[in-house]
Structure formats: structure tokens, C-alpha cells
Participant: 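Okay, here's the structure, questions in a sec.
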Amino acid sequence: MEEPRGRKKPPRHLADLDEAGRKELLEASGLPGFRAKQLSVHYFTRLTSDPAEMTDLPASQREELAATLLPPLLTPVRTLEADKGTTRKTLWRLFDNALVESVLMRYPDRATICVSSQAGCGMACPFCATGQGGLQRNMSTAEIVDQVVDGARAMARGEVAGGPGRLSNVVFMGMGEPLANYKAVIGAVRRLTDPSPAGLGLSARGVTVSTVGLVPRIRQLTEEGVPVTLALSLHAPDDELRNELVPINTRFSVAETVEAAWQYAATTKRRVSIEYAMMRGINDQAWRADLLGDVLRSYGDWGWVHVNLIPLNPTPGSKWTASDPADEREFVRRLEAKGIPTTVRDTRGREIDGACGQLAAAED
Ligand code: SAH
């Protein structure tokens, strides 16, 4: 019997499992468990899922081994480049035809991939392209990890302008609300940071999880013991405006949300990022800069927080636009006057709709 559309699970993949689980899955399929380690080396160290490249495996078993632990998860639909080939956006089709995007950005000193954690998003922030289409489904751990492995492979093979290099950073700032898909996202973080060949061997410091502020989940992450960087999408320092810009604020107030972020910083000793998309005439007034500074300062000035201002990327049909540069400068000046380190995010990939909040995966 056919399962109802959209209910079937993504194929199981070695990146969904720990090393013992990989071995068990092979054995359950009548294959030798000790091959799991070799398959992990191919995937996480050599960055390949192609059985033809796995010459250390018996030719007669290669296909079956790869099909069991390394089934294809992401099919590229389209790749777009910008910034002289240093920014690369890929639109992926998942097994059930859901579409997601990832963006690889190379800088002189690092390479960062921005990944999706859900197909669509249920948080409905009105200025965000993904928020307009609602949630389709959660992504699996392996679907999340595979976006990163693809980016690592592109870097290693010199497919990104600048020659061969290493992927160093991962930001959960693509489509979806990562903390609404908590279990799969934590699984992905573990796979990304586990030493090779159990995982990709990235530093947890290079991984940033960005959230609208699901307070119970922030608390859970605080207890989790994976020292990722937490980014909180605040966008307004007062409940009245934040209720409109980030609707989940009607459940968790600014005070509760900032408190949870502060607790994360206090416990993990990791500095929290406050994300603030600058919207002309909406949230960019000097008095709101002062209020934001006061709200953050009320938790102390030991460097627990810094503010990342993001020039708004207008999305189709949006009534909002980016702030005037003079207002942006004044906003920075006022935050810094209150001792809050502040940076203005550069916006890579605007012309390929690959910039913050533009990932809508509009196809067909
Ligand atoms: N759901 C998570 C992660 C996805 S978006 C979150 O909300 O944090 C990553 C960042 O891009 C968030 O801070 C989000 O508010 C911001 N963003 C969304 N749409 C944007 C837009 N049109 N312009 C600028 N930033 C935007």
C-alpha cells in the first residue's frame, strides 16, 4: 500500500547514525558490518558517495554497500554563482520533491555554508521569503549533513573560485527554524563535529545555530553540551514591534527570550549573536537602538553578546525596505556607545536571491 504523500521518511543514510548504528544497518541488510568504517571514510574524509571511487571495497559489493548506507538524498536542480564565483547557491530537490537551498560563501580566511534545516518554515516572519510559504516538513539529520558534505567537497575539489580549500564554518541560517527540528539538528551538529571518520571533524565553534527564540529549546541547547554559537533573531527590542516581526514573540516575550540567550552565554561561555535586520522606518530608530542597548546591557557587560545588523533584503511583495545608511550608522554608534560590540553583516549573493531571508526556492 502506498503511504500518504509527504508522510514517507527520507532514505536512511550513514549520517543519520552513529558508528554502531551504521554497522547494525549493514548487518541487518546481510552485509559485513566492518565495511561501515570504510564507507564512513569515503563519505566524511574522501567526501565521496560514488561507488566507482570505492576501490578498497570488493567490486561485487560496492553498489549494494553504497546503496545501503549512502543513498542519494539531495539532487541538484540549479546552481547559481555570484561575487566572482566565491558565492554559490544550490537549489536541491529532496526524495519527496520538496525543495531546499544552501549557500556556500568563500572569504579570504574561511569558507561558510548556510544550510536549511526544514523544507519551508512555520514561523511566519512577514519579512522573510521562506516564512511566506509555511512549513512543508522537517529535514532528516543526513539531509542536513549532506548539504555540508557537498560544500566541503566543492571546496576540496577547487570548484569554488580561489583554488582548493577547506570548509570551516556552518550556519543554520538557510530555510527553516532549526530549533523547531531540534533532534535532527542536534544529530547534524554531532555528525559535523565528530572527529573523522565518525563525522566531518569541524570545530563546534565554527557552527552557528540561529533561532527565532524558542525559549524551551534554547534552554535544552544550553544543557546539551555542544558548544555551538547561538544566534538569536531579535529584530526589535520591544514586544509591541517584535510581536509583528517575529510572531512567536506572542508566546515568548523579548525579556524571556533575551534571558534564555544570556543564560546560554553564561553557561557555555560562548558569546551570543543578536541578529537584527534593519528595516527602514520600522525598527531602525535611534530610540530603539538605545532601548536595544539597555535591554542587552541589563544582563551585564562582560562581553556576553554582540549585535549583527543585517541590511534587510527586500523580498517580493514586501512593504519593507533596507534602512538609510545614515540611520544604520547612527544605530551602530548608539549601540557602541552603550558598550555593545556591533557589526554590519555583508550581504553576499543578493543578485542570486541567495542572501539572508531570500531563500524561497520558488521553482516551477
Ligand atoms: N529561523 C532561523 C534561521 C533562518 S533565517 C532564524 O530566524 O534565526 C537567518 C536570519 O535571516 C534570521 O535572523 C532571519 O530573521 C534573517 N532574515 C530573514 N529574512 C530576511 C530578510 N529579508 N532580510 C534580512 N534578513 C532576513
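Residues take their numbers from the sequence shown, with the count starting at 1. One-based numbering, in listed order, for ligands and for the atoms of each. In this text the structure is predicted, and so the values were computed from the model without any measurement.
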Participant: Going by the atom numbers of ligand 1, which of them fall below 4.0 Å from some non-hydrogen atom of Cys128?
Facilitator: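 Listed by number with element: 18 (C), 19 (N).
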Participant: Sub-3.5 Å donor-acceptor pair from the side chain of Ser168 to the main-chain atoms of Ala111, do we have one?
Facilitator: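 Pair found, side chain donor or acceptor close to backbone of Ala111.
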Participant: Does only the side chain of His235 get under 4.0 Å from ligand 1, or the backbone, or both, or neither? Count heavy atoms.
Facilitator: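 It is the side chain that gets close, since no backbone atom is under 4.0 Å.
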Participant: Using distance alone, determine whether Glu275 and ligand 1 share an N or O pair under 3.5 Å.
Facilitator: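 There is no such contact.
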Participant: Rounded to the nearest 0.5 Å, how far does CD1 of Ile113 lie from OG1 of Thr90?
Facilitator: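 These two atoms lie 7.0 Å from each other.
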Participant: Of all the heavy-atom pairs spanning Gln118 and Asn138, show the shortest one and how long it is.
Facilitator: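 Smallest heavy-atom distance, with atoms named: NE2-OD1, 2.8 Å.
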Participant: Looking at side-chain heavy atoms only, is the closest gap between Thr75 and Trp92 below 4.5 Å?
Facilitator: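 They are not in contact (no side-chain heavy atoms under 4.5 Å apart), so the answer is no.
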Participant: Using a strict 4.0 Å cut-off to heavy atoms of Gly174, name the atoms of ligand 1 that fall inside it.
Facilitator: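 That gives atoms 4 (C) of ligand 1.
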Participant: Can you see whether Glu259 engages Tyr264 through a side-chain donor-acceptor pair at a distance of less than 3.5 angstrom?
Facilitator: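 No, no side-chain donor-acceptor pair sits under 3.5 Å.
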Participant: Relative to atom 2 (C) of ligand 1, which among Cys125, Ser117, Ser210 owns the nearest non-hydrogen atom?
Facilitator: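 Minimum heavy-atom distance to atom 2 (C) of ligand 1 goes to Ser210.
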Participant: Suppose I only count heavy atoms of Gly176 and a 4.0 Å limit; which atoms of ligand 1 are within that range?
Facilitator: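 Numbered from 1, ligand 1 contributes 1 (N), 2 (C), 3 (C), 4 (C).
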Participant: Who gets closest to atom 12 (C) of ligand 1 by heavy atom: Ala322, Ser273, Ser233?
Facilitator: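 That would be Ser233.
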Participant: Closer than 4.0 Å to some heavy atom of Phe172 - which atoms of ligand 1 meet that?
Facilitator: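 Answer for ligand 1: 3 (C).
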Participant: Under 4.0 Å, heavy atoms only, figure out whether ligand 1 is touched by the backbone of Thr211, its side chain, both or neither.
Facilitator: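 It is the backbone that gets close, since no side chain atom is under 4.0 Å.
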Participant: Kindly confirm or rule out an N or O of Met173 lying under 3.5 angstrom from an N or O of ligand 1.
Facilitator: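 N/O-N/O distance under 3.5 Å: no.
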Participant: Can a salt bridge be assigned to the pair Lys338 and Asp294 using a cut-off of 4.0 Å between side-chain N and carboxylate O?
Facilitator: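 Salt bridge present between Lys338 and Asp294.
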Participant: For ligand 1, which atoms have a heavy atom of Val212 less than 4.0 angstrom away?
Facilitator: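 That gives atoms 6 (C), 7 (O), 8 (O) of ligand 1.
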Participant: Is there a side-chain contact between Tyr276 and Asn308 (heavy atoms, below 4.5 Å)?
Facilitator: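 No, too far: nothing below the 4.5 Å cut-off.
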Participant: Evaluate Ala277 for polar contact with ligand 1, using N/O atom pairs at a separation under 3.5 Å.
Facilitator: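 There is no such contact.
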Participant: Side chains of Lys183 and Thr141: closer than 4.5 Å at any heavy-atom pair?
Facilitator: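 Lys183 does not reach Thr141 side chain to side chain.
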Participant: Is it true that a side-chain atom of Ser29 and a backbone atom of Leu31 form a donor plus acceptor pair closer than 3.5 Å?
Facilitator: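 Not at all, since once roles are kept as given, no pair shorter than 3.5 Å links the two residues.
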Participant: Are Glu177 and ligand 1 in contact, using a heavy-atom cut-off of under 4.0 Å?
Facilitator: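 So Glu177 counts as touching ligand 1.
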